[in-house]
Amino acid sequence: NCFLISRNCFLPRPNVDSSFIEAKRKKVGPIDTNAFFSFVDSCFAHRRKKLINSLPKDPVYQDKVNEVISYLRLLGKDESVRAEELSVDDYLALFKGLNKS
(Lines give C-alpha, C1' and ligand atoms only; values in the text may rest on other atoms or scores of the structure.)
Protein backbone atom coordinates (compact mmCIF):
# COMPACT_ATOMS: atom_id res chain seq x y z
CA ASN A 1 0.00 0.00 0.00
CA CYS A 2 1.21 3.48 -0.82
CA PHE A 3 -1.50 5.13 1.25
CA LEU A 4 -5.03 4.64 2.58
CA ILE A 5 -8.06 6.53 1.29
CA SER A 6 -10.87 7.13 3.74
CA ARG A 7 -14.39 6.08 2.82
CA ASN A 8 -15.33 9.69 3.56
CA CYS A 9 -13.59 10.80 0.34
CA PHE A 10 -16.32 9.22 -1.82
CA LEU A 11 -19.93 10.08 -2.60
CA PRO A 12 -21.90 8.00 -2.04
CA ARG A 13 -19.82 6.79 0.86
CA PRO A 14 -18.93 3.06 0.61
CA ASN A 15 -18.80 0.77 3.64
CA VAL A 16 -15.05 0.19 3.25
CA ASP A 17 -11.86 2.21 3.20
CA SER A 18 -9.66 2.02 0.12
CA SER A 19 -5.95 1.74 -0.54
CA PHE A 20 -3.85 3.22 -3.29
CA ILE A 21 -1.30 0.71 -4.52
CA GLU A 22 1.56 0.79 -6.98
CA ALA A 23 2.04 -2.10 -9.37
CA LYS A 24 5.25 -2.69 -11.28
CA ARG A 25 5.64 -4.96 -14.25
CA LYS A 26 7.96 -7.86 -13.76
CA LYS A 27 10.57 -8.37 -16.47
CA VAL A 28 9.96 -11.80 -17.97
CA GLY A 29 12.34 -11.80 -20.88
CA PRO A 30 11.52 -11.93 -24.56
CA ILE A 31 8.21 -13.75 -24.96
CA ASP A 32 5.24 -13.27 -27.24
CA THR A 33 2.89 -11.60 -24.76
CA ASN A 34 -0.18 -12.15 -26.95
CA ALA A 35 0.57 -15.87 -27.14
CA PHE A 36 1.26 -15.97 -23.38
CA PHE A 37 -2.07 -14.33 -22.50
CA SER A 38 -3.87 -16.61 -24.96
CA PHE A 39 -2.20 -19.57 -23.20
CA VAL A 40 -3.34 -18.33 -19.77
CA ASP A 41 -6.87 -17.76 -21.14
CA SER A 42 -6.89 -21.37 -22.36
CA CYS A 43 -5.81 -22.57 -18.92
CA PHE A 44 -8.75 -20.76 -17.31
CA ALA A 45 -11.27 -21.49 -20.08
CA HIS A 46 -13.06 -24.21 -18.12
CA ARG A 47 -13.70 -23.07 -14.59
CA ARG A 48 -12.66 -25.39 -11.76
CA LYS A 49 -11.29 -28.00 -14.15
CA LYS A 50 -7.89 -29.60 -13.90
CA LEU A 51 -5.33 -27.87 -16.08
CA ILE A 52 -4.69 -31.04 -18.08
CA ASN A 53 -8.41 -31.15 -18.96
CA SER A 54 -8.69 -27.48 -19.99
CA LEU A 55 -5.48 -26.87 -21.90
CA PRO A 56 -5.85 -29.68 -24.49
CA LYS A 57 -9.09 -28.07 -25.71
CA ASP A 58 -6.89 -25.33 -27.22
CA PRO A 59 -5.77 -26.53 -30.68
CA VAL A 60 -2.24 -25.24 -30.04
CA TYR A 61 -1.81 -27.50 -26.99
CA GLN A 62 -4.14 -30.43 -27.72
CA ASP A 63 -1.29 -32.83 -28.47
CA LYS A 64 0.91 -31.72 -25.57
CA VAL A 65 -0.81 -33.31 -22.55
CA ASN A 66 2.23 -35.43 -21.68
CA GLU A 67 4.49 -32.39 -21.98
CA VAL A 68 2.17 -30.40 -19.72
CA ILE A 69 2.30 -33.16 -17.11
CA SER A 70 6.11 -33.32 -17.35
CA TYR A 71 6.51 -29.56 -16.90
CA LEU A 72 4.04 -29.54 -14.01
CA ARG A 73 6.12 -32.20 -12.28
CA LEU A 74 9.27 -30.13 -12.88
CA LEU A 75 7.48 -27.26 -11.14
CA GLY A 76 6.66 -29.55 -8.22
CA LYS A 77 2.96 -29.64 -9.10
CA ASP A 78 0.64 -32.62 -9.33
CA GLU A 79 -1.09 -33.34 -12.64
CA SER A 80 -4.44 -32.70 -10.92
CA VAL A 81 -3.55 -29.02 -10.34
CA ARG A 82 -6.17 -26.45 -11.25
CA ALA A 83 -5.38 -23.23 -13.12
CA GLU A 84 -6.05 -21.04 -10.07
CA GLU A 85 -3.42 -22.92 -8.06
CA LEU A 86 -0.49 -21.84 -10.26
CA SER A 87 1.56 -18.67 -9.80
CA VAL A 88 2.56 -16.26 -12.55
CA ASP A 89 6.07 -17.74 -12.42
CA ASP A 90 4.57 -21.23 -12.87
CA TYR A 91 2.66 -20.04 -15.94
CA LEU A 92 5.75 -18.42 -17.43
CA ALA A 93 7.82 -21.57 -16.92
CA LEU A 94 5.08 -23.78 -18.35
CA PHE A 95 4.53 -21.48 -21.34
CA LYS A 96 8.23 -21.20 -22.11
CA GLY A 97 8.68 -24.97 -21.78
CA LEU A 98 5.78 -25.79 -24.09
CA ASN A 99 6.74 -23.17 -26.67
CA LYS A 100 10.49 -23.52 -26.95
CA SER A 101 11.67 -23.82 -30.50
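Side chains included, hydrogens not; waters and symmetry mates left out as well; all remaining heavy atoms used.
Side-chain contact between Leu98 and Leu55 is present, with heavy atoms from C-beta onward closer than 4.5 Å. By the 4.5 Å heavy-atom criterion applied to side chains, Ile5 and Phe10 are counted as neighbours. Proximity of Val81 to Leu75: side-chain heavy atoms (C-beta onward) are nowhere separated by under 4.5 Å.
Here the closest heavy-atom approach between residue Ser54 and residue Ser42 is recorded as CB-O, 3.9 Å. Scanning all heavy atoms of the two residues, the minimum distance from Cys43 to Ala83 falls at O-CB, 3.3 Å. Nearest approach of Ser80 to Lys50, heavy atoms of both residues: O-CG, 3.7 Å.
For Phe36, the ring-ring contact (aromatic ring centres under 6.0 Å, His included) partners are Phe95, not counting sequence neighbours.
Linking Ile, Leu, Val, Met, Phe, Trp and Tyr residues whenever their side-chain heavy atoms come within less than 4.5 Å places Leu94 and Val88 in a single cluster.
Taking CG of Leu86 as the start and CG of Leu72 as the end, the distance is 6.5 Å to the nearest 0.5 Å. Going from atom CZ of Phe44 over to atom CG of Leu51 covers 9.0 Å, rounded to the nearest 0.5 Å.
Within a 6.0 Å radius of CG in Asn8, other residues, nucleotides and ligands contribute more than 12 heavy atoms. More than 12 heavy atoms of other residues, nucleotides or ligands shown are found within 6.0 angstrom of NZ on Lys64.
Residue pairs satisfying the ring-ring contact (aromatic ring centres under 6.0 Å, His included) criterion with at least one member in residues 65-88, sequence neighbours excluded, are absent. Listed by first and then second residue, the salt bridge (Lys or Arg N to Asp or Glu O under 4.0 Å) pairs involving residues 78-93 are Lys26-Asp89, Arg48-Glu84, Arg73-Glu79, Lys77-Asp90 (not counting sequence neighbours).
Asp17 places a side-chain N or O within 3.5 Å of a backbone atom of Arg7 that can act as its donor or acceptor partner.
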